[in-house]
Amino acid sequence: MSPDERRKMITRAVLPLVVEHGAAVTTAQIARTAGIGEGTIFRAFKDKNELIDACLAEVLRPDNALAMIAEIPLDQPLADRLTEAAEALSAHLARIGAIAAALQASGRQLGRRAEHQPGNSGRQQSFQTMAEAIAALFEPERDRLRLPPEQLGAVFLSLLFSRTRDNQHAPAVPELVDVFLNGAVVAK
């Protein structure tokens, strides 16, 4: 296994532990979960903080959500496509929130270090990539759209990301999609 592959394997194996224990996770727990010796951790990462930074960078990457969006069939209704995409992106945001909350609860300052890890292209690029994936879902209806798919992708993503878990008035995903597609005012 190459050093990069070993780092990825350890990082992915350790993510659930970091969500559970935050920065308080021990190297013994990490080694046991990853099925490696503790010494292997320090051959792959200079210290536990570097491993935790790699975990945070991994969870920030939207790759899994983008893959799920790419698999959405374009022959199903637009509302269904957008609902599936919103659910994939909501799950991505929930994973970010879970690891961030665990790290903060264990006293870890998040800062911006994870955004600058190798393989993490930053928040703005991540948003752009997700908006492009959403825009592709609008393509079959391009001739009926009021705005270009690229613009609609960004607007939809902004609307989705404006929802917060603790807001009792935040609409469920299907309601959000319905208001996005049909507006807030009922036709008379």
Side-chain angles (χ1 to χ4, degrees), residues 1-72 83-134 157-168 170 172-173 176:
M1 185 179 292
S2 76
D4 280 345
E5 290 170 335
R6 184 173 310 282
R7 287 174 61 89
K8 285 180 186 175
M9 181 276 297
I10 294 169
T11 301
R12 289 183 179 143
V14 172
L15 273 171
L17 278 179
V18 175
V19 169
E20 184 178 347
H21 301 284
V25 64
T26 67
T27 56
Q29 290 170 313
I30 292 167
R32 197 171 32 256
T33 298
I36 58 175
E38 283 186 72
T40 304
I41 297 167
F42 300 109
R43 283 191 291 281
F45 299 93
K46 78 176 182 191
D47 57 23
K48 188 174 82 168
N49 283 331
E50 186 178 56
L51 171 56
I52 290 172
D53 285 344
C55 288
L56 186 54
E58 178 65 27
V59 82
L60 288 172
R61 293 167 49 99
D63 300 353
N64 291 337
L66 293 172
M68 292 173 74
I69 292 169
E71 292 176 5
I72 297 172
T83 298
E84 280 189 51
E87 288 169 351
L89 291 169
S90 293
H92 171 65
L93 293 176
R95 283 188 296 276
I96 292 171
I99 199 165
L103 290 173
Q104 285 181 324
S106 65
R108 174 71 183 261
Q109 297 296 323
L110 296 181
R112 295 190 171 273
R113 290 168 39 173
E115 284 188 27
H116 303 294
Q117 293 290 315
N120 190 346
S121 56
R123 198 176 308 178
Q124 189 171 14
Q125 181 59 43
S126 181
F127 182 90
Q128 181 63 37
T129 304
M130 288 185 273
E132 289 168 2
I134 298 294
L157 204 55
S158 295
L159 184 62
L160 179 65
F161 285 1
S162 70
R163 295 176 12 159
T164 58
R165 289 181 304 186
D166 57 353
N167 181 352
Q168 65 187 20
V173 168
L176 181 130

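Note that these values count all heavy atoms, side chains included, but never hydrogens, waters or copies made by symmetry. On a predicted model such as this, the values are computed, not experimentally measured, just so you know.
In this structure, CE on Met68 lies 8.5 Å from CG on Asn64, to the nearest 0.5 angstrom. If you take CD on Glu58 and OG1 on Thr11, they are separated by 6.5 Å, rounding to the nearest 0.5 Å. For the atom pair CD1 of Ile10 and CD1 of Ile36, the computed distance is 3.5 Å after rounding to the nearest 0.5 Å. Here the CG-CD1 distance, from Leu56 to Ile99, works out to 6.0 Å after rounding to the nearest 0.5 Å.
Applying the 6.0 Å contact sphere to NZ of Lys8 captures no more than 12 heavy atoms from other residues, nucleotides or ligands. More than 12 heavy atoms of other residues, nucleotides or ligands sit less than 6.0 Å from atom CE of Met9.
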Chi angles and distances behind the side chain to side chain contact (heavy atoms under 4.5 Å, CB included) call for Ile134, Met130:
CA-CA 6 Å; Ile134 298 294; Met130 288 185 273; 5.5 Å; no
Would you check, one step at a time, whether the test side chain to side chain contact (heavy atoms under 4.5 Å, CB included) holds for Ile69 with Leu89?
CA-CA 9 Å; Ile69 292 169; Leu89 291 169; 3.9 Å; yes
Before you tell me yes or no, could you show the steps for Arg95 and Val19 under side chain to side chain contact (heavy atoms under 4.5 Å, CB included), namely the whole-Å CA-CA distance, both residues' side-chain angles and the distance that decides it to 0.1 Å?
CA-CA 9 Å; Arg95 283 188 296 276; Val19 169; over 6 Å; no
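Residues passing the side chain to side chain contact (heavy atoms under 4.5 Å, CB included) test with Glu5, sequence neighbours excluded: Met1, Ser2. Remark: Asp63 pairs with Arg61 by the side chain to side chain contact (heavy atoms under 4.5 Å, CB included) rule, at least two apart or across chains. The side chain to side chain donor-acceptor pair (under 3.5 Å) check on Glu132 picks up Gln128, with sequence neighbours excluded. With sequence neighbours left out, the side chain to side chain donor-acceptor pair (under 3.5 Å) criterion links Ser106 to no other residue. Under the rule for a side chain to side chain contact (heavy atoms under 4.5 Å, CB included), the partners of Ala86 that lie at least two apart in sequence or sit in another chain are Phe156, Leu160, Val173.
Judged by distance alone, the side chains of Gln125 and Thr129 do bring a donor and an acceptor atom under 3.5 Å apart.
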Enumerate, atom names and distances included, each donor-acceptor pair closer than 3.5 Å involving a side-chain atom of residues 23-33, sequence neighbours excluded.
unit_1	atom_1	unit_2	atom_2	d
Thr26	OG1	Gln29	N	3.0
Thr26	OG1	Gln29	OE1	3.3
Thr27	OG1	Glu38	OE1	2.5
Gln29	OE1	Thr26	N	2.8
Gln29	NE2	His21	NE2	3.4
Thr33	OG1	Gln29	O	3.0

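Closest heavy-atom contact between Ala85 and Ile72: N-CD1, 3.5 Å.
Annotation: side chain of Ser126 is not in contact with side chain of Leu60 (no heavy-atom distance under 4.5 Å). Annotation: side chain of Pro62 is not in contact with side chain of Phe127 (no heavy-atom distance under 4.5 Å).
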